[in-house]
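So that the names make sense, note that chain A is the first sequence line, chain B the second, and so on, each numbered from 1.
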Amino acid sequence: MATFQSLPGFRDFYPDELARRNYIFRLWRQTATAFGFAEYDAPVLEPLDLYKAKSGDEIEAQLFSFTDKGGREVALRPEMTPTVCRLVGAKANALKRPIKWFSIAEFYRYERMQKGRGRSFCQLNADLFGEPGPEAEIELIGMLVQSLCAFGLTEQDFYVRLSDRNLWFYYLGAMGLDELRIKSLLGAVDRFEKYGDDAFKGYIEQFGSLDSDLKQKVLSFLQIKSLAALEATLASVDNDKITERLADWRKLLGGLAAMGLTRYIEVDLGVVRGLAYYTGFVFEAFDRKGELRAIAGGGRYDDLVEKLGGPTLPAVGFAIGDMTFALLLEQRGLMPAFVQAVDVYCVIGGAPERAAAFGAIQALRAAGYRVEYPLREVAFGKQFKAASEAGARLALIYGGDELAKGMVKIRDMADRSEREVPLAEVVTAVRDSLQG
RNA sequence: GCGGCCAUAGCUCAGUUGGUUAGAGCACUUGAUUGUGAUUCAAGGGGUCGCGGGUUCGAGUCCCGUUGGCCGCCCCA
């Protein structure tokens with residue numbers, strides 16, 4: 001047993017695991033780039049206050065935080081949103097709108113480990129700043145869906161639940177409730193799926209009682225699963241904000257429909273997301289089987305840049321975590337096997353042949369081919385076996401017989417055919433063989 | 001922070017009511033094989049049985065603690 005282990009909840013990435021992570025990152029990056037998002041990165045370590053500012057003590061308890069040698073209170077980043085707000089806020093006036101940025105980064109939370117959750121994990125974060133209308137949500141939800149579809153996932157595998165905190169506020173506000181009561185009720189809505197009626201306990205403790213008519217209205221609102229039902233429920237409420245908001249909904253759903261994404265989207269007012277900084281549309285992606293925790297989540301946060309000291313700047317963002325996502329891909333058999341196949345394996349007879357082979361090996365590698373050869377003298381049979389195990393498409397045979405004629409033998413590992421080419425023409429011969 | 005289950009080789013696991021020097025398969029290395037790759041055969045390396053304490057003539061095995069892992073609760077940005 002090794003003396004040292006990685007810290008609890010942290011992951012080592014051995015080559016095959018890193019290959020899988022790189023695969024996920026590569027398709028995420030490809031997708032984000034296709035959607036016109038620009039990649040950024042920032043420090044892993046941030047001032048603790050950056051996270052204290054926007055969240056409460058519960059959040060702070062799950063931070064990897066400490067005092068550095070200069071006496072600064074610092075924390076490993078638990079999420080990207082405050083950081084990206086800091087970056088955008090600092091240069092907001094110089095950045096061309098809309099600002100579309102993404103990052104793929106590692107985060108740290110001091111939490112108990114669970115399936116799909118560790119103390120370190122990676123996320124794709126995408127954010128769009130400067131667009132107050134639902135056009136921003138269309139862009140981000142479209143990208144979210146494609147970030148999952150890029151791996152072969154379909155509407156059979158996942159769906160996106162779409163909801164709106166604004167409409168909740170307008171609806172409950174029109175009934176005369178103040179902000180405090182509305183926020184408490186939203187907390188209950190968030191928990192209702194899990195706890196049923198017990199979800200309202202907090203509200204009752206806080207405000208003494210819960211009017212049964214109000215409760216009925218909340219319950220029927222959170223069960224709304226379509227735009228039509230939403231419009232029907234709100235038809236009786238005469239309120240300009242609600243009318244405008246329903247227009248936003250139509251624009252958002254219309255845009256997503258035009259992108260062909262309707263089959264991935266489910267309107268579901270039961271989703272409100274716990275986090276306080278969301279201010280409008282919110283959305284979460286889940287696996288259809290309901291076996292895993294949320295795959296992705298996001299929403300609008302129009303006040304956060306300003307709260308963190310920047311200008312007023314509307315924003316929408318989402319994040320996908322790598323752990324649950326990788327579990328989903330594995331469950332659906334969509335995680336490819338990664339074999340680091342080489343293009344060419346050089347079979348080398350002895351010391352003089354080795355010297356001759358090295359020139360070609362260097363030239364082929366410089367030309368971009370993956371070339372391997374045995375570091376030590378090994379019997380021919382072993383070398384062919386090694387070539388085969390390395391997945392080589394070609395074997396270059398530097399043997400005494402060939403070199404005596406000024407030739408190299410090229411063996412096609414798949415069909416076992418062989419031909420000889422002059423030493424000086426090895427690179428072009430390899431190129432021809434690999435292209436053909 | 002709370003609860004359940006678990007811990008023997010790199011991996012998957014055997015290991016009898018507590019009894020001599022702790023095993024298998026896979027993987028790895030080497031050889032059979034000094035010019036031709038998926039087989040086969042042989043040999044080898046690798047374990048203070050997670051760690052610490054206790055019971056016992058004797059502990060991988062029983063007891064306590066601890067650390068780590070898996071799963072769930074709280075939480076989930």
Asks: Hey, which sits more toward the 5' end of RNA chain B by its nearest nucleotide, G297(A) or Y110(A)?
Replies: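 In this pair, the answer is Y110(A).
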Asks: Base, sugar-phosphate, or nothing: which does G381(A) touch, judged by heavy atoms less than 4.0 Å apart?
Replies: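 Touches sugar-phosphate only.
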Asks: For the residue pair F325(A) and F151(A), is the inter-centroid distance of their aromatic rings smaller than 6.0 Å?
Replies: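 Close enough - the centres of the two rings lie under 6.0 Å apart.
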Asks: Any N or O donor-acceptor pair under 3.5 Å from the base of G1(B) to the side chain of R112(A)?
Replies: no
Asks: Can you tell me whether the side chain of R411(A) and the base of U36(B) have a donor-acceptor pair closer than 3.5 Å?
Replies: yes
Asks: Could you say whether G116(A) or I397(A) is positioned toward the 5' end of RNA chain B, judged by the nucleotide with the nearest heavy atom to each?
Replies: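 This one resolves to I397(A).
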Asks: Tell me what G349(A) touches on the nucleic acid: a base, only sugar-phosphate, or nothing, going by heavy atoms under 4.0 Å.
Replies: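 Contact class for G349(A): none.
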Asks: Nearest to the side chain of P8(A) - U36(B), G68(B), U33(B)?
Replies: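 Closest nucleotide among those given: G68(B).
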Asks: For Y398(A), what residues pass the ring-ring contact (aromatic ring centres under 6.0 Å, His included) criterion, not counting sequence neighbours?
Replies: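 ring-ring contact (aromatic ring centres under 6.0 Å, His included) list for Y398(A), sorted by chain: empty.
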Asks: Take the protein atom NZ of K194(A) and the nucleotide atom P of G72(B), then report the distance between them rounded to whole Å.
Replies: 11 Å
Asks: Determine if F380(A) stacks with U36(B); use a centre-to-centre distance below 5.5 Å and an interplanar angle below 30° as the criteria.
Replies: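 No, F380(A) does not stack on the base of U36(B), since the centre distance and plane angle fail the 5.5 Å and 30° test.
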Asks: Looking at Q62(A) and G1(B), is any side-chain donor or acceptor paired with a base atom of the opposite kind under 3.5 Å?
Replies: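 Check fails, no donor-acceptor contact within cut-off.
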Asks: As a test of understanding, state which of T279(A), D127(A), T81(A) forms a side-chain hydrogen bond (donor to acceptor under 3.5 Å, both in side chains) with Y301(A).
Replies: D127(A)
Asks: Provide, to the nearest angstrom, the distance between the OH atom belonging to Y277(A) and the C1' atom belonging to A77(B).
Replies: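 In whole Å, A77(B) C1' and Y277(A) OH are 5 Å from each other.
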Asks: Between F286(A) and F158(A) (judged by ring centroids, cut-off 6.0 Å), do the two rings come close enough to count as a pair?
Replies: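 Between F158(A) and F286(A), which both carry aromatic rings, the centre distance is not below 6.0 Å.
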Asks: Considering every strand and a 4.0 Å limit on heavy-atom distances, what is the contact class for R11(A): base, sugar-phosphate, or nothing?
Replies: nothing
Asks: Which part of the nucleic acid does R77(A) contact within heavy-atom distance under 4.0 Å: base, sugar-phosphate only, or nothing?
Replies: nothing
Asks: Could you tell me if Y203(A) and E205(A) have a donor-acceptor pair between their side chains, going purely by distance under 3.5 Å?
Replies: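 Looking only at side-chain atoms, Y203(A) and E205(A) do not form any donor-acceptor pair under 3.5 Å.
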Asks: Would the F10(A) and F64(A) ring centres measure less than 6.0 Å apart?
Replies: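 Ring centroids of F10(A) and F64(A) are less than 6.0 Å from each other.
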Asks: Just to be sure I understand the rule, does P78(A) reach a base, reach only the sugar-phosphate, or reach nothing, if contact means heavy atoms closer than 4.0 Å?
Replies: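 The residue P78(A) makes base contact.
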Asks: How long is the line joining OH of Y51(A) and P of C76(B), in whole Å?
Replies: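 Spelled out: OH on Y51(A) to P on C76(B) is 18 Å.
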Asks: Rounded to the nearest Å, what distance is computed from the CZ atom of residue R119(A) to the P atom of nucleotide G68(B)?
Replies: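 Rounded to whole Å, this separation is 8 Å.
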Asks: Does R117(A) make a side-chain donor-acceptor contact with the base of C75(B), cut-off 3.5 Å?
Replies: yes
Asks: Can you give me the dot-bracket string for RNA chain B, 5' to 3', counting Watson-Crick and G-U wobble pairs with both distances under 3.5 Å, using [ ] for crossing pairs and | for partners on another strand?
Replies: (((((((..((((.....[...)))).(((((.......))))).....(((((..]....))))))))))))....
Asks: Rounded to the Å, how far apart are K385(A) NZ and U39(B) C1'?
Replies: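 Atom-to-atom, K385(A) to U39(B), this comes out as 9 Å.
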Asks: If you go through the side-chain atoms of K382(A), does one of them form a donor-acceptor pair with the base of U30(B) closer than 3.5 Å?
Replies: no
Asks: Which part of the nucleic acid does E389(A) contact within heavy-atom distance under 4.0 Å: base, sugar-phosphate only, or nothing?
Replies: nothing
Asks: For E377(A) and U33(B), give me the distance from atom CD to atom P, rounded to whole Å.
Replies: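 Going from CD in E377(A) over to P in U33(B) covers 18 Å.
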Asks: Does Q383(A) make a side-chain donor-acceptor contact with the base of U36(B), cut-off 3.5 Å?
Replies: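 Check fails, no donor-acceptor contact within cut-off.
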Asks: Is the closest side-chain heavy-atom distance between E139(A) and K100(A) below 4.5 Å?
Replies: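 Of all side-chain heavy-atom pairs linking K100(A) with E139(A), at least one is under 4.5 Å.
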Asks: What is the distance from CE of M113(A) to C1' of C70(B), rounded to the nearest Å?
Replies: 8 Å
Asks: Just by modelled atom types, is the N125(A) backbone N or O under 3.5 Å from a matching donor or acceptor in the Q123(A) side chain?
Replies: no
Asks: Hey, does M413(A) reach any base, or is it just sugar-phosphate, or nothing, if we go heavy atoms under 4.0 Å?
Replies: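 Base contact.
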Asks: Check every strand shown and say whether G9(A) touches a base, only sugar-phosphate, or nothing at a heavy-atom separation below 4.0 Å.
Replies: sugar-phosphate
Asks: Counting any heavy atom closer than 4.0 Å, what does E402(A) reach on the DNA or RNA strands: base, sugar-phosphate only, or nothing?
Replies: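 E402(A): base contact, heavy atoms under 4.0 Å.
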Asks: Check whether the side chain of R109(A) and the base of A77(B) form a donor-acceptor pair under 3.5 Å.
Replies: yes
Asks: Is there a donor in the side chain of E46(A) and an acceptor in the side chain of T83(A), or the other way round, less than 3.5 Å apart?
Replies: yes
